[in-house]
Amino acid sequence: MSEKRKDYLDWDEYFMAIAKLSAMRSKDPSTQVGACIVSNDNRILSIGYNGAPNGFNDDDFPWSREGENLETKYPYVCHAEMNAILNYRGSKKDLENAKIYVDLFPCNECAKIIIQSGIKEVVYLSDKYADSENNIASRKLFDNCHVKYSKIKLKQERKIEIDLK
């Protein structure tokens, strides 16, 4: 009798990998973010990534990070968390007490959407903007609304390759 594989992905690694894979759909040249929403019984409810709103031609979209506000991506881009929540086609009740995996800690606008949707836990990979006012506001919102958030606990750093041959 053979033993089971030892190098399989645990649930957190699996869902974060799906968020990272979803981020690869983003056409943003500087920041690609993905999100994966999961139920209490480890079923994927929805995924999303950052990008232009439906119907906004990607070729006409201002992907710049600098310049006059209306000439940058910031007033237009839909974040991964928002897209994952809006992509969900089931009952809103199913999102209550769900968990969202994101590779970048949510901004304050996404924190409000996460809270309003009923999601109760955020697992993130990076918090590179931790000291920004937006992320400070996100943590205040999550703390006051009893949404747990934590950096993913990896046993080891891992590179996952997918061969589509």
Side-chain angles (χ1 to χ4, degrees), residues 3-51 65 73-74 77-164:
E3 292 185 32
K4 69 179 180 181
R5 282 181 46 220
K6 304 272 191 232
D7 63 342
Y8 63 91
L9 298 175
D10 68 24
W11 287 117
D12 283 342
E13 292 170 322
Y14 176 64
F15 297 131
M16 190 60 75
I18 289 172
K20 292 288 283 182
L21 183 63
S22 298
M24 294 176 74
R25 282 282 308 141
S26 175
K27 296 175 184 165
D28 188 323
S30 60
T31 307
Q32 301 83 45
V33 179
C36 179
I37 302 174
V38 180
S39 67
N40 288 333
D41 59 352
N42 291 323
R43 294 197 191 328
I44 295 171
L45 299 174
S46 188
I47 56 176
Y49 57 89
N50 62 312
R65 293 176 63 151
K73 65 182 180 175
Y74 297 111
V77 73
C78 296
H79 287 184
E81 301 91 332
M82 174 196 296
N83 278 330
I85 291 166
L86 293 175
N87 286 340
Y88 182 61
R89 295 294 185 240
S91 165
K92 181 187 174 303
K93 189 153 183 60
D94 295 335
L95 290 178
E96 291 176 10
N97 300 312
K99 187 185 295 190
I100 188 167
Y101 288 80
V102 290
D103 49 324
L104 186 60
F105 190 84
C107 72
N108 62 306
E109 293 299 319
C110 288
K112 292 184 278 188
I113 294 168
I114 288 166
I115 291 162
Q116 290 299 90
S117 75
I119 292 171
K120 289 296 185 193
E121 187 171 352
V122 176
V123 179
Y124 62 91
L125 184 62
S126 169
D127 193 7
K128 69 179 180 178
Y129 302 115
D131 296 329
S132 71
E133 289 183 356
N134 282 346
N135 284 25
I136 292 167
S138 295
R139 287 190 293 279
K140 282 184 180 182
L141 286 160
F142 287 150
D143 289 343
N144 278 279
C145 297
H146 309 291
V147 173
K148 293 184 349 188
Y149 53 94
S150 60
K151 184 171 175 54
I152 189 170
K153 291 168 185 59
L154 299 172
K155 294 177 218 103
Q156 63 187 24
E157 282 195 21
R158 196 187 258 261
K159 181 175 184 168
I160 300 169
E161 293 185 15
I162 299 172
D163 189 352
L164 297 177

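Start at 1 with the first residue, then count along the sequence. Note that the structure is predicted; figures quoted are calculated from it, not measured.
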Inset, instruction - List the steps and the verdict of side chain to side chain contact (heavy atoms under 4.5 Å, CB included) for Leu154 and Met16. - result: CA-CA 11 Å; Leu154 299 172; Met16 190 60 75; over 6 Å; no
Inset, instruction - Would you sort out whether Asn134 and Ser132 count as a side chain to side chain donor-acceptor pair (under 3.5 Å), showing the intermediate values? - result: CA-CA 5 Å; Asn134 282 346; Ser132 71; 5.5 Å; no
Inset, instruction - Check the pair Leu125 / Lys20 against side chain to side chain contact (heavy atoms under 4.5 Å, CB included), numbers first and verdict last. - result: CA-CA 10 Å; Leu125 184 62; Lys20 292 288 283 182; 3.9 Å; yes
Inset, instruction - Could you please spell out the steps behind the side chain to side chain contact (heavy atoms under 4.5 Å, CB included) verdict for Ile47 and Asn87? - result: CA-CA 7 Å; Ile47 56 176; Asn87 286 340; 5.7 Å; no
Inset, instruction - Could you walk me through whether Asn40 and Asn97 pass side chain to side chain donor-acceptor pair (under 3.5 Å), step by step? - result: CA-CA 7 Å; Asn40 288 333; Asn97 300 312; 5.9 Å; no
Inset, instruction - Carefully, step by step, assess Ile113 and Glu81 under the rule side chain to side chain contact (heavy atoms under 4.5 Å, CB included). - result: CA-CA 8 Å; Ile113 294 168; Glu81 301 91 332; over 6 Å; no
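The side-chain heavy atoms of Leu104 and Tyr129, taken from C-beta on, include a pair separated by under 4.5 Å. Proximity of Arg25 to Asn83: side-chain heavy atoms (C-beta onward) are nowhere separated by under 4.5 Å. Ile160 is listed as a side-chain neighbour of Leu9, based on a closest heavy-atom distance under 4.5 Å. Taking 4.5 Å as the limit, some side-chain heavy atom of Lys73 sits within range of a side-chain heavy atom of Arg65. Proximity of Lys128 to Phe105: side-chain heavy atoms (C-beta onward) are nowhere separated by under 4.5 Å. Contact annotation: the side chain of Val147 never approaches that of Ile119 to less than 4.5 Å [non-hydrogen atoms, C-beta and beyond].
The aromatic rings of Tyr101 and Phe15 lie tilted to each other, with the angle between the two planes from 30° to 60°. A tilted orientation is assigned to the rings of Phe142 and Tyr149, their planes being inclined by 30° to 60°. Between Trp11 and Tyr14, the ring planes are perpendicular. Angles over 60° get that label, and only those under 30° would be called parallel.
Smallest separation of non-hydrogen atoms from Lys99 and Asp12: NZ-OD1, 4.3 Å. Nearest heavy-atom pair, Gln32 versus Ala23, reported as atom, atom and distance to 0.1 Å: CB-O, 3.4 Å. Among all heavy-atom pairs drawn from Ile37 and Ala98, the shortest one is CG2-CB, 4.0 Å.
Here the side chain of Ser22 pairs no donor or acceptor atom with the backbone of Tyr49 at under 3.5 angstrom. For the pair Glu13 (side chain) and Asp10 (backbone), a donor-acceptor distance under 3.5 Å is present. In this structure a side-chain-to-backbone donor-acceptor pair under 3.5 Å is present from Ser26 to Asn50. At distances below 3.5 Å, at least one donor-acceptor pair connects side-chain atoms of Ser138 with backbone N or O atoms of Pro106.
Atom-to-atom distance recorded for Cys36:SG and Leu21:CG is 10.0 Å, nearest 0.5 angstrom. To the nearest 0.5 Å, atom SG of residue Cys78 and atom CD of residue Glu109 are 12.5 Å apart. For the atom pair Ile85 CD1 and Met82 CE, the distance stands at 9.0 Å (nearest 0.5 Å). Distance SG/Cys107 to CG/Asn135: 7.5 Å, rounded to 0.5 Å. Distance check: Cys145 SG to Ile115 CD1 gives 4.0 Å after rounding to the nearest 0.5 Å.
Asp131 CG: 12 or fewer foreign heavy atoms inside a 6.0 Å radius. Other residues, nucleotides and ligands contribute only 12 or fewer heavy atoms inside 6.0 Å of the CD atom of Gln116. The environment of NZ in Lys140 is sparse: at most 12 heavy-atom neighbours from other residues, nucleotides or ligands sit within 6.0 Å.
Electrostatic pairing of Arg43 and Asp94 does not count as a salt bridge here, judged by no charged N lying under 4.0 Å from a carboxylate O.
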